[in-house]
Q: 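Just passing along the structure, written as structure tokens.
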Amino acid sequence: QSVWKGDINTAVAPVANRVSTAESNITALQTAVSNNESTTATQISNLNSLILNADYKDTRGVDNPPSWYVTNFPRKTSKEFKNSADIGVGLASNFVVLITDNPHTNWQHIVQTAYPRGMSKTYIRRPTTATAWGAWEEQETSAAAQAKADAAKAAVTADLNSFKSTQAG
């Protein structure tokens with residue numbers, strides 16, 4: 001057997017250089033991943049901001065037919081500022097925010113939601129044809145539904161109490 005008698009530093013130097021290069025590459029890769037994550041997070045934040053702060057188009061004076069939304073907003077949602085009378089929502093409020101959801105490329109899937117300013121009411125309508133809208137329907141809030149349920153319960157309770165008193169006497 002022969003025993004190596006050379007300088008240990010000379011023998012280890014190539015391995016040390018390879019380890020150092022690998023560490024540098026790992027650090028560079030970690031930095032690149034971190035930068036990409038930061039860039040992606042920024043892009044997502046910017047996109048969310050654009051979506052949430054999309055401009056409301058001032059389209060007072062017109063009530064566009066469903067086909068107009070198919071042509072101008074296919075598979076998109078539009079936000080508009082309108083006079084309530086222009087779109088047939090006869091309300092005390094003069095202005096509404098109109099959200100038109102058009103998830104497809106044809107008029108049958110469109111839904112419009114009107115939010116009158118200064119009122120806690122919501123109305124929806126759907127198209128009946130490519131050129132005509134159906135009637136607006138007021139959407140009931142959970143508070144209004146609960147009030148109706150409470151009133152019905154009170155009426156039934158009163159009727160039951162009245163019935164009991166006539167049977168007892």
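Because only heavy atoms are used, hydrogens play no part in the values below, and waters and symmetry mates are left out as well, while side chains stay in. Bear in mind the structure is a predicted one, so any value in this text is a computation, not a measurement. Starting from 1, each residue takes its place in the sequence as its number.
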Q: For T59 versus E80, what's the shortest heavy-atom pair and its separation?
A: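 Of all heavy-atom pairs spanning T59 and E80, the closest is OG1-OE1, 2.7 Å.
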
Q: Please work out whether the ring planes of Y69 and W133 are parallel, tilted or perpendicular, with thresholds of 30° and 60°.
A: perpendicular

Q: List in chain and number order the residues that pass side-chain hydrogen bond (donor to acceptor under 3.5 Å, both in side chains) with S67, two or more places apart in sequence or in another chain; answer none if no residue qualifies.
A: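 S67: no side-chain hydrogen bond (donor to acceptor under 3.5 Å, both in side chains) contacts found.
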
Q: List the steps and the verdict of side chain to side chain contact (heavy atoms under 4.5 Å, CB included) for R117 and V97.
A: CA-CA 7 Å; R117 299 293 82 194; V97 167; 3.7 Å; yes

Q: Starting at OH of Y115, measure out to OH of Y123 and round the result to the nearest 0.5 Å.
A: 13.0 Å

Q: Identify the heavy atoms of N72 and P74 that sit nearest to each other, and give their distance.
A: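 Result for this residue pair: C-CD, 3.5 Å.
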
Q: State whether the side chain of K82 and the backbone N or O of I87 hold a donor-acceptor pair below 3.5 Å, judged by distance alone.
A: no

Q: If you take all heavy atoms of A114 and P116, which pair is closest and at what distance?
A: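 Minimum heavy-atom contact is O-CD, 3.5 Å.
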
Q: Find the distance between NE2 (H109) and CZ (R126) and round it off to the nearest 0.5 Å.
A: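 These two atoms lie 12.0 Å from each other.
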
Q: Verify side chain to side chain contact (heavy atoms under 4.5 Å, CB included) between V70 and I110, making sure each step is shown before the conclusion.
A: CA-CA 9 Å; V70 171; I110 296 174; 3.9 Å; yes

Q: Going through the distances and angles, do K57 and K79 end up as a side chain to side chain contact (heavy atoms under 4.5 Å, CB included)?
A: CA-CA 6 Å; K57 305 293 182 211; K79 297 178 179 180; over 6 Å; no

Q: What pairs of residues pass the salt bridge (charged side-chain N to carboxylate O under 4.0 Å, His left out) test when at least one of them lies in residues 62-71, not counting sequence neighbours?
A: D63-R125

Q: Rounded to the nearest 0.5 Å, how far does CG of N83 lie from CZ of R60?
A: 6.0 Å

Q: Is a side-chain donor or acceptor of E137 paired with a backbone partner of A135 at a separation under 3.5 angstrom?
A: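 Looks like no, no N/O pair under 3.5 Å.
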
Q: What is the distance from atom CH2 of W68 to atom OG1 of T100, rounded to the nearest 0.5 Å?
A: 8.0 Å

Q: Give me the atom names and distance for the closest heavy-atom approach of W136 to G88.
A: CD1-O, 3.5 Å

Q: Which pair of non-hydrogen atoms, one from T131 and one from P66, has the smallest distance, and what is that distance?
A: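 Here T131 and P66 meet closest at C-CD, 3.9 Å.
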
Q: Of the options L98, T77, I124, which is the one that meets T113 in a side-chain contact (heavy atoms from CB on, under 4.5 Å)?
A: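 With T113 as partner, L98, T77, I124 yield a single side-chain contact (heavy atoms from CB on, under 4.5 Å), made by I124.
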
Q: As an exercise, state the distance from OG of S84 to CG of N94, rounded to the nearest 0.5 Å.
A: 6.0 Å

Q: Walk me through it: do D101 and Q112 pass the test side chain to side chain contact (heavy atoms under 4.5 Å, CB included)?
A: CA-CA 6 Å; D101 185 27; Q112 284 192 324; over 6 Å; no

